[in-house]
Amino acid sequence: MSPTPKQARQHRRKAVPTDRTKNVTSWRIEASWDHRPDAPVVIRTSDKKRARRKVTELSDKGAYVIFQEHEGWDRWRTLREVDGAALLAERAAEQQLAAAGHSPTPRAYRPDAEDRHRTWLAWMDARAESGRRAAEQAAREQAEQDARRRRLAVEAHRDARALMSPPAIVRPENRQRARHITGAQR
């Protein structure tokens, strides 16, 4: 347990600008399992290597692990959270896929937040599906552009005769006047 602020602020003969907070080089690991959420495992250690080793050990056992660093005055900062159950499910899915004859997971594969529950094969299927949808949309837009181009060509061919003849002369009495002009400007 860290000393209280009152205990830590004793008189010092020299003002040394260093952090005198006790127990700042401490690490804490909290692990819990879905089947027993009321009995979490809490490990406190000053050895960072041991703490990291415990994080991997507990996550390999299927625990949800929170790795924290001590900031002083019993305040902890979360450095990493590991979902061991999801990692185990991912490994089991990879083994099933390998047994079925599929290629291994690509090294660059990092599941997003919305597809953490999926295997990489489902990720590849989703990517292929979105690519297929994009190709269908592009083909649809190309067909619409081609139809519009053909329609404009038909209209140009149909109206070419009328466009080649000079405009008809409109006699002054048949000329339409703008109705929005005020009386003073007529």
Side-chain angles (χ1 to χ4, degrees), residues 29-35 37 40 48 51-52 55-69 71 75-186:
I29 300 106
E30 291 182 18
S32 63
W33 286 264
D34 289 339
H35 63 277
K48 191 171 184 181
R52 284 186 174 161
V55 167
T56 54
E57 283 177 19
L58 292 169
S59 65
D60 287 343
K61 292 178 182 174
Y64 187 85
V65 184
I66 302 172
F67 184 40
Q68 298 171 329
E69 177 186 26
E71 288 187 325
R75 288 177 306 139
W76 298 89
R77 181 171 63 102
T78 300
L79 298 178
R80 218 170 101 203
E81 294 186 25
V82 182
D83 192 357
L87 291 174
L88 287 177
E90 185 76 23
R91 286 187 202 134
E94 283 183 24
Q95 289 172 355
Q96 287 176 352
L97 290 171
H102 294 288
S103 58
T105 305
R107 284 255 179 246
Y109 172 67
R110 292 288 176 270
D112 293 333
E114 70 271 359
D115 65 351
R116 276 178 36 200
H117 61 283
R118 296 186 195 160
T119 63
W120 74 270
L121 188 63
W123 175 66
M124 295 291 277
D125 289 343
R127 226 171 74 175
E129 177 67 24
S130 66
R132 187 183 61 74
R133 268 192 250 113
E136 286 177 1
Q137 179 68 19
R140 204 175 307 118
E141 289 173 0
Q142 184 66 34
E144 288 172 5
Q145 287 178 354
D146 290 344
R148 182 174 181 271
R149 206 174 292 121
R150 281 195 299 274
R151 184 175 45 80
L152 290 174
V154 166
E155 288 177 6
H157 181 70
R158 184 188 65 212
D159 300 337
R161 274 278 182 233
L163 292 173
M164 287 193 309
S165 62
I169 298 171
V170 180
R171 298 193 49 84
E173 60 270 10
N174 296 334
R175 187 170 293 144
Q176 288 190 356
R177 290 189 175 85
R179 302 208 183 273
H180 65 277
I181 296 176
T182 60
Q185 294 171 335
R186 284 191 189 188

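Values in this document were obtained by computation on a predicted structure and should not be read as measured data. For the single chain, residues carry numbers from 1 onward in sequence order. Worth knowing before you read on, the calculation uses all heavy atoms, side chains too, and leaves out hydrogens, waters and symmetry mates.
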Which heavy atom of [X] sits nearest to which heavy atom of [Y], and what is that distance?
{"X": "I29", "Y": "F67", "result": "CG1-CD1, 3.9 Å"}
{"X": "V65", "Y": "S59", "result": "CG2-N, 3.8 Å"}
{"X": "W33", "Y": "L58", "result": "CH2-CD2, 3.9 Å"}

| query | Is R148 close to Q145 at the side-chain level, that is, under 4.5 Å between some pair of heavy atoms? | reply |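 Side chain of Q145 against side chain of R148, heavy atoms only: no contact under 4.5 Å found.
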
| query | Is there side-chain contact between L88 and R91, with heavy atoms separated by less than 4.5 Å? | reply | yes

Between [atom1] on residue [X] and [atom2] on residue [Y], distance to nearest 0.5 Å:
{"X": "R52", "Y": "L79", "atom1": "CZ", "atom2": "CG", "answer": "8.5 Å"}
{"X": "E81", "Y": "Q68", "atom1": "CD", "atom2": "CD", "answer": "8.5 Å"}
{"X": "R132", "Y": "D125", "atom1": "CZ", "atom2": "CG", "answer": "11.5 Å"}
{"X": "H157", "Y": "L152", "atom1": "NE2", "atom2": "CG", "answer": "14.5 Å"}

Just wondering, are more than 12 heavy atoms of other shown residues or ligands nearer than 6.0 Å to [atom1] in [X]?
{"X": "R127", "atom1": "CZ", "result": "no"}
{"X": "D34", "atom1": "CG", "result": "no"}
{"X": "H35", "atom1": "NE2", "result": "yes"}

| Given the rule in the salt bridge (charged side-chain N to carboxylate O under 4.0 Å, His left out) test, do E144 and R140 qualify, once you have shown the distances and angles that lead to the verdict? | CA-CA 6 Å; E144 288 172 5; R140 204 175 307 118; over 6 Å; no

| task | Would you mind checking if E155 and R151 are paired as a salt bridge, meaning a charged N to carboxylate O distance below 4.0 Å? | result |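 Yes.
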
| said: Let's go through R133 and E136 carefully: what are the C-alpha distance in whole Å and the side-chain angles of both, what is the deciding distance for salt bridge (charged side-chain N to carboxylate O under 4.0 Å, His left out) to 0.1 Å, and is it a yes or a no? | reply: CA-CA 5 Å; R133 268 192 250 113; E136 286 177 1; over 6 Å; no

